[in-house]
Amino acid sequence: MFLFTEFHNKSVGLTIKPKNVYSIFTKYQKLTFLETEDFGKVLVLDDLVQLTERDEFIYHEMISHVAINTFPRKIEKVLIIGGGDGGTAREVLKYDFIKEIHLVEIDKEVIEIAKKHMPFTAKAFEDKRLKVFIEDGRNFVRNTQNKYDVVLVDCSDPIGPSKVLFEKDFYQDCFKILKEDGIFVTQSESPFYSLDIIKDIIKNLKISFPIVKLYTANIPTYPAGYWSFTLASKVYDPLKVDMEKLKDNIKRKDLKYYNEEIHFSSFALPSYVKERLKEVLS
Ligand code: SAM
């Protein structure tokens with residue numbers, strides 16, 4: 001009996017007993033696709049779970065809707081770095097006022113496996129508003145002349161090809177390609193296991209952005225079931241939005257995790273997290 005285990009540190013991890021396993025080495029990473037009894041289809045990169053059919057909605061709703069609903073205006077143009085499974089794009093496309101999404105994914109094999117086996121996220125690729133670029137997001141952001149309302153960094157963990165997406169100069173280049181009231185969000189790892197990484201992310205984003213806030217979500221198949229996102233904003237504060245307007249904005253969006261209360265409560269942090277981040281969160 002084959003068991004897949006993702007180790008969160010030297011001795012503790014998540015083990016899954018798959019029905020089927022498919023694994024290849026792409027040009028950039030080890031790509032594993034599992035079919036499982038309890039969590040459906042699972043995408044794994046470099047032995048780290050990226051998404052499961054059963055709980056991907058949490059991550060994809062939380063990386064997308066918080067930023068979009070922080071604007072007092074209807075936004076038009078979004079850049080997604082990574083996100084080759086299509087889940088984040090699927091959530092952004094739920095807003096009719098979004099005119100254009102650019103998705104920059106370094107590894108075309110991820111998109112191909114998603115289109116073949118994960119229609120629940122990859123259906124986004126059928127939408128005419130979505131334009132896909134197969135290249136390193138680091139280079140794209142350095143060279144593009146485009147301006148975006150929102151940049152979402154839907155990357156894997158800071159090992160392998162995603163490492164460059166956690167660096168200071170990448171954040172500074174993202175600041176430059178955002179419009180004058182733009183908002184940036186990156187997935188920022190587990191507050192239980194990776195507070196040092198989160199501290200660096202916040203510190204580096206604060207060099208450019210006046211508003212930087214951490215928010216979290218409960219994602220069962222991520223380390224400790226507790227995950228974070230870091231939002232950096234040029235103008236708008238996510239905690240100063242009109243709840244009624246937000247509620248109206250998200251009506252009929254088929255959301256299963258994000259809602260008007262979660263928008264605010266996701267920014268509440270436990271004391272041990274606030275304590276460890278106090279010098280960067282002040
Ligand atoms: N959406 C997934 C989830 O639910 O957590 C997470 C991430 S998605 C699978 C991460 C993607 O980032 C992968 O497809 C990976 O190939 C891509 N990626 C990693 N480094 C990249 C880079 N430098 N530029 C563009 N894409 C990158």
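Any value given below was found using the heavy atoms of this structure, including those in side chains, with hydrogens, waters and symmetry copies removed. Position 1 is the first residue of the sequence; numbering continues from there. One-based numbering, in listed order, for ligands and for the atoms of each.
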Within 45° cone and under 6.0 Å: Lys115 NZ/CZ vs Phe125 ring: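 Yes.
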Taking the cut-offs as 6.0 angstrom to the six-membered ring centre and 45 degrees off its axis, would you call Lys213 and Phe267 a cation-pi pair?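 No, cation not above the ring by the 6.0 Å, 45° rule.
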Quick one: sort the Tyr148 and Phe140 rings into parallel, tilted or perpendicular, breaks at 30° and 60°.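 Tilted, since the angle between the ring planes falls between 30° and 60°.
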Do Val21 and Phe2 have side chains that approach each other closer than 4.5 Å (heavy atoms only, starting at C-beta)?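 When only atoms from C-beta onward are counted, Phe2 and Val21 do touch, with a gap below 4.5 Å.
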For a 4.5 angstrom cut-off between non-hydrogen side-chain atoms, does Thr36 reach Thr52?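 With C-beta onward as the side chain, the pair stays apart.
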Could you name the protein residues that come within less than 4.0 Å of ligand 1, counting only heavy atoms, and order them by chain and residue number?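 Within 4.0 Å of ligand 1, protein side: Gln29, Leu43, Leu45, Gln50, Leu51, Tyr59, His60, Gly82, Gly83, Gly84, Asp85, Val104, Glu105, Ile106, Asp107, Val110, Glu135, Asp136, Gly137, Asp154, Cys155, Ser156, Pro161, Ser162, Val164, Leu165, Tyr222.
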By ring pair (Phe, Tyr, Trp, His ring centres under 6.0 Å), which residues pair with Phe175, not counting sequence neighbours?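 For Phe175, the residues satisfying ring pair (Phe, Tyr, Trp, His ring centres under 6.0 Å) (neighbours in sequence not counted) are Phe209.
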